[in-house]
Amino acid sequence: MNYDFSAIEKKWQKHWDEINAFKAENKSDKEKYYVLVEFPYPSGAGLHVGHVRSYTALDSLARIKRAQGYNVLFPMGWDAFGAPAEQYAIKNHVYPANMVKECIKTFKNQIKDLGLSFDWSREFATTDPEYYKWTQWQFLEFYKAGLAYKDLKEINWCPKCKTGLSNEDAAGGVCERCGTPTTKKLKNQWMLKMSAYADSLIEGLKDTEFLDKIKTAQINWIGKSIGAEVDFSLKGLDEKLSVFTTRCDTLFGVTFMVMSPEHKLLEKYKSHIKNIEEVEKYQEEAKHKSEIERTDMTKEKTGVKIDGIKAINPVNGKEIEIWISDYVLANYGTGAIMAVPAHDERDYEFAKKFGIDIVPVIEGGDISKEAYVGDGIHINSEFLDGLGKEDAINKMIEFLEKNKIGKKTVNYKLQDWIFSRQRFWGEPIPMVYCEKCGWQMVPYEELPVILPDVPSYEPTDNGESPLSKVDEWVNTTCPCCGGKAKRETDTMPNWAGSSWYWIRYMDPHCETGIADMDAMKYWGQVDLYNGGMEHATRHLLYARFWNQFLYDRGIVPVREPFKKRVAHGMILGENNEKMSKSKGNVVNPDDMVKTYGADALRTYEMFIGDYTKDASWSENGLKGCKKFLDRIYRLETKLNNEEGYSKDLESDINKTIKKVTDDILTMNYNTAVSSLMILLNKYDKKDSITKKDYRIILQLLNPIAPHITEELNEVNKLGPEFTKSAWPEYDESKIIDESYEIGVQVNGKLRASITVLKDEDEESVKEKAFKEENVKKYTDGKDIVKTIVIPNKIVSIVVK
RNA sequence: GCCUUCGUGGCGGAAUGGUAGACGCGCUGGACUCAAAAUCCAGUGAUAGCGAUAUCGUGUCGGUUCGAGUCCGACCGGAGGCACCA
């Protein structure tokens, strides 16, 4: 159809800009609604059709909420620190800030072309000094609270990126950025004491409406486990080796102990170890293995027996061997375990390989074949004999605590957040080191610590940040004594800027704090937060931790930042595979907007399928949606001069108002679009429609296809602009049908269908059912066992 | 291995335990046209039949129910997450 959709779209986008149609006010009598979509990384590749999907989805929701009288905050900004900009800088030897500016410009233009109702007056980038000033300020808050500390730590190290990584960024033993297997490296790092919030992060989930799978992912990541710490004394030494166990009831089955190769006691008692060379060789090997190699479960167990040191089992005084093996992790529990080969698969495998005793203490299974990990009655366990698992654990803890050889303990997989990166493109950590005074905070009036330009953006081979080469920046004076001091040259991780950005949106230009308290109190929680599943355990956990900390410091008024979290599905290529340049299946939203228009692209992406599930792209599907909009356009030729709704459309119209409203607010966009298609089909069957008929279908479609609907509403003089109109209500009395066509089943098989009045008398419905020829055919001459009439639904006849 | 999910036409996908396949794509036939595109009309799960209709049909096998895509159990397959966490 030839109408100039590009001109129409441009016209309305310009108009909305001019009248500030989507500006959210911080002072309002209206009820607030805060919709947030994760801000994008403005990469050079530009917008992806996946962005269009989630942005449009939340946009249509925001538009309805506004029309329903809410003061809606729907902001957009840029998460612009991080790898791609830095990679580009390294390659082209340019300061990343300029490149980032260019990318943001492109991204923003692409987003603007889609007619999304973002409040652009609140836009910012995490790389703006006005923004990262406050990121640095908050770091100092962590420091003041004792939750930011520098520590010599075994950290995850990516040999390719030459930087340290948090545990979250090195999940699975590979670097999140480049996929290189990570190794361990001892390094002085800034850490945030996230572990202090482990329980609080689990507890807080109760106050959110996250999807269960997101909650589960977080709970698993935090990995809380309740057990006991038990002290084993070392024979002939005034020393004890502590272990953490969830099964202290199996203590009588302990036949050896295993320390991680990194365990501190190995260094301390070096002189007592007769085979120290062998031990050190093993330690060296473990160090050079990548995390993947170390945690590969299919590999055979390895280990070295420590010759010269033995432990005493505290419950029975038996002497047991101590081994070192890399299947024991240094950073979980105490870094050492008590091994119960009879009832633990890993210990069993180890014991079998090295010929260590296996003593069963729980009845069941056959320990000559495998470790028995099931429940059962305790045996060979003196005072625990005859007890079940729960009782035995309780009794043992009581025993341990009474004899001061152990206590009940809780352990978490969640570690402190490694917050240092030896990279250039990140927020400088605002700390100064003075030989005399130690670590000092950069004074508040000197914030932000501006990221300077450097001669080279590459990470250095010695594992220091490129910033360390900028002498005039590094060398400074100590805020405490005024003497010579050096700046911290590590930068913050990519996740820092995104850990509080939703707060800044509430008051983006605030100069006295991260945001004004009144603004934060007004906007409160984000009502709906949309983002990818890949952020369920990283961004979302960091952000919640950060916010809970701010809450505890009295800086923000709410403890949980996000009320509801939803995740969109991916848009795959036409070949059902993830879109990628190498597969050549990337669809560029710009091209689609040019060819079919933003409205058609938006409608298609809403229609493509279940919002939360992956869907594959189909250009024919997009064409179909363009056709739908063309048909909507053509309705103008059918306008008559009658008032109100057409009588015969009233019921359908009211039903559609209800359906579209409910569907969009519950994010069932595909069925919202389809119900509008159904309504259009009804309109098309008629010779003419009224202005009111036309306006309502345009208004219902407006949140999804905002430009063309405004245009048609205007040129046909149907009513005020939709951005200035209240969302329509439906008339309950009009959506009730007067009659229904219902099925008649005989012995569960459909044999006929009859028309009945609403709530028609049961006897009369039965009568109609039995009058049907095809029903008679299956019931005549048979015993009618029973007849079930479900009002307005179905008649079910059972015969014999 | 554990956890979470999902299995419906040629395709994307609809279905509060109540007439499976809405809506869209594609395809077939027709109208309009010199022709094409666009548009409009009709048809479109499989099998049999001119047809009314019948049988089969929501991954497989069972179960509950008057009635199961939907609930329960076992299994098969795909996707995602976790995984030597003591």
Side-chain angles (χ1 to χ4, degrees), chain A residues 1-2 171-173 211-217 219-221 223-225 227 243-248 250 258 294-299 301 325-329 331-340 344-347 349-350 411-415 533-534 536-537 569-570 574 576 603-604 607-610 612-625 627-628 630-631 634 668 670-681 684 740-754 773-774 777 785-799:
Chain A
M1 236 190 108
N2 39 11
L211 289 173
D212 277 344
K213 63 173 173 178
I214 294 176
K215 288 190 183 185
T216 313
I219 289 168
N220 287 345
W221 189 267
K224 181 176 184 170
S225 74
V243 298
F244 174 73
T245 175
T246 54
R247 295 301 302 271
C248 62
T250 59
V258 189
R294 272 195 66 163
T295 56
D296 179 6
M297 280 174 50
T298 57
K299 85 167 200 278
K301 294 269 181 292
S325 173
D326 62 7
Y327 85 89
V328 174
L329 307 174
N331 54 10
Y332 182 78
T334 63
I337 61 156
M338 58 179 226
V340 187
D344 180 283
E345 285 173 27
R346 298 150 301 180
D347 298 345
E349 200 189 318
F350 196 87
N411 242 292
Y412 301 93
K413 282 203 283 181
L414 182 74
Q415 309 274 308
M533 257 326 271
E534 70 275 18
T537 49
M570 249 193 305
E574 212 136 7
N576 246 313
T603 308
Y604 171 59
F607 186 60
I608 197 166
D610 185 332
T612 62
K613 287 187 195 137
D614 292 353
S616 35
W617 182 263
S618 153
E619 194 157 338
N620 275 328
L622 171 55
K623 281 180 192 168
C625 288
K627 216 156 93 179
F628 164 64
D630 291 348
R631 286 173 62 204
R634 250 179 271 127
N668 291 302
N670 55 338
T671 47
V673 175
S674 97
S675 69
L676 286 165
M677 289 172 168
I678 293 168
L679 187 63
L680 172 65
N681 289 344
D684 259 346
Y740 296 88
E741 189 152 319
I742 65 169
V744 181
Q745 294 182 344
V746 180
N747 283 354
K749 282 203 193 312
L750 187 73
R751 295 303 180 191
S753 89
I754 56 175
E773 277 306 320
N774 210 39
K777 203 166 121 191
V785 180
K786 58 177 158 178
T787 304
I788 297 155
V789 178
I790 309 293
N792 311 325
K793 290 267 163 73
I794 205 158
V795 179
S796 185
I797 301 164
V798 187
V799 298

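Every chain is numbered from 1, with letters handed out A, B, ... down the list of sequences. What you see below is based on every heavy atom in this structure, not just the backbone, and it leaves out hydrogens, waters and symmetry mates.
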Under 3.5 Å for both pairing distances: what stems, at least three Watson-Crick or G-U pairs long, include RNA chain B? B:1-7 with B:76-82, B:10-12 with B:23-25, B:26-31 with B:39-44, B:45-48 with B:53-56, B:59-63 with B:71-75

Taking only the side-chain nitrogens and oxygens of A:T216, find out if one of them lies under 4.0 Å from OP1 or OP2 of B:G81. no

Would you give a per-nucleotide map of nucleotides 51-56 of chain B, 5' to 3', where B means the base has a protein non-hydrogen atom under 4.0 Å away, S means only the sugar-phosphate does, and - means neither? --SSSS

Contacts under 3.5 Å, N or O only, protein and nucleotides 6-13 of chain B:
from	atom 1	to	atom 2	distance (Å)
B:G12	O2'	A:I608	O	2.8
B:G13	O3'	A:N670	ND2	3.4

Please report the interatomic distance SG(A:C248) to CE(A:M338), rounded to the nearest 0.5 Å. 7.0 Å

A:L676 atom CG is separated from B:G24 atom P, nearest whole Å, by 12 Å

What residues form a side chain to side chain donor-acceptor pair (under 3.5 Å) with A:D344, not counting sequence neighbours? A:R346

Does A:V673 reach a base, just sugar-phosphate, or nothing at all? Heavy atoms under 4.0 Å. nothing

For a quick check of understanding: with a heavy-atom distance under 4.0 Å over all strands, which category does A:S325 fall into, base, sugar-phosphate or nothing? nothing

For A:I794, is there any backbone N or O sitting under 3.5 Å from a side-chain donor or acceptor partner on A:Q745? no

Taking donor-acceptor contacts at under 3.5 Å, does the side chain of A:K301 reach the base of B:C84? yes

Just the rounded figure in Å: distance from P of B:C84 to CE of A:M338. 20 Å

Could you tell me whether B:G81 is syn or anti, where syn means a glycosidic angle within 90 degrees of zero? anti

Would you measure the distance from the C1' atom in B:G45 across to the matching atom in B:U8 and give it in whole Å? 10 Å

Respond yes when some side-chain nitrogen or oxygen of A:Y327 is under 4.0 Å from OP1 or OP2 of B:A86, and no when none is. no

Who passes side chain to side chain donor-acceptor pair (under 3.5 Å) against A:N668, sequence neighbours left out? A:T666

Given atom CG of A:D630 and atom P of B:U39, what is their separation to the nearest angstrom? 7 Å

For the side chain of A:I788, counting heavy atoms from C-beta on, which of B:C66, B:A86, B:G24 is nearest? B:C66

Sugar-phosphate, base or nothing in reach of A:N747, heavy atoms under 4.0 Å: nothing

Need one value for A:I742: base, sugar-phosphate or nothing, where a base atom within 4.0 Å counts as base even if backbone is also close, heavy atoms only. base

Between A:Y327 and A:E349, does a side-chain contact (heavy atoms from CB on, under 4.5 Å) hold up when you go through it step by step? CA-CA 11 Å; A:Y327 85 89; A:E349 200 189 318; over 6 Å; no

Proximity to the side chain of A:S674 - top-ranked nucleotide from B:A83, B:A14, B:C23: B:C23

Between A:R634 and B:A38, is there a contact of a side-chain N or O with OP1 or OP2 at under 4.0 Å? no

Heavy atoms from C-beta onward define the side chain here; which of B:A14, B:U19, B:C66 lies closest to that of A:E741? B:U19

Side-chain contact check for A:N681: nearest option of B:G24, B:A15, B:A86 is B:G24

Of the candidate nucleotides B:C23, B:C82, B:C40, which contains the atom at the shortest distance from the side chain of A:R631? B:C40

Does A:K786 put a side-chain nitrogen or oxygen below 4.0 Å from OP1 or OP2 of B:C66? yes

When you compare the protein's N or O atoms with those of nucleotides 25-29 of chain B, which come within less than 3.5 Å of each other, and at what distance?
from	atom 1	to	atom 2	distance (Å)
B:C25	OP1	A:K627	NZ	3.3

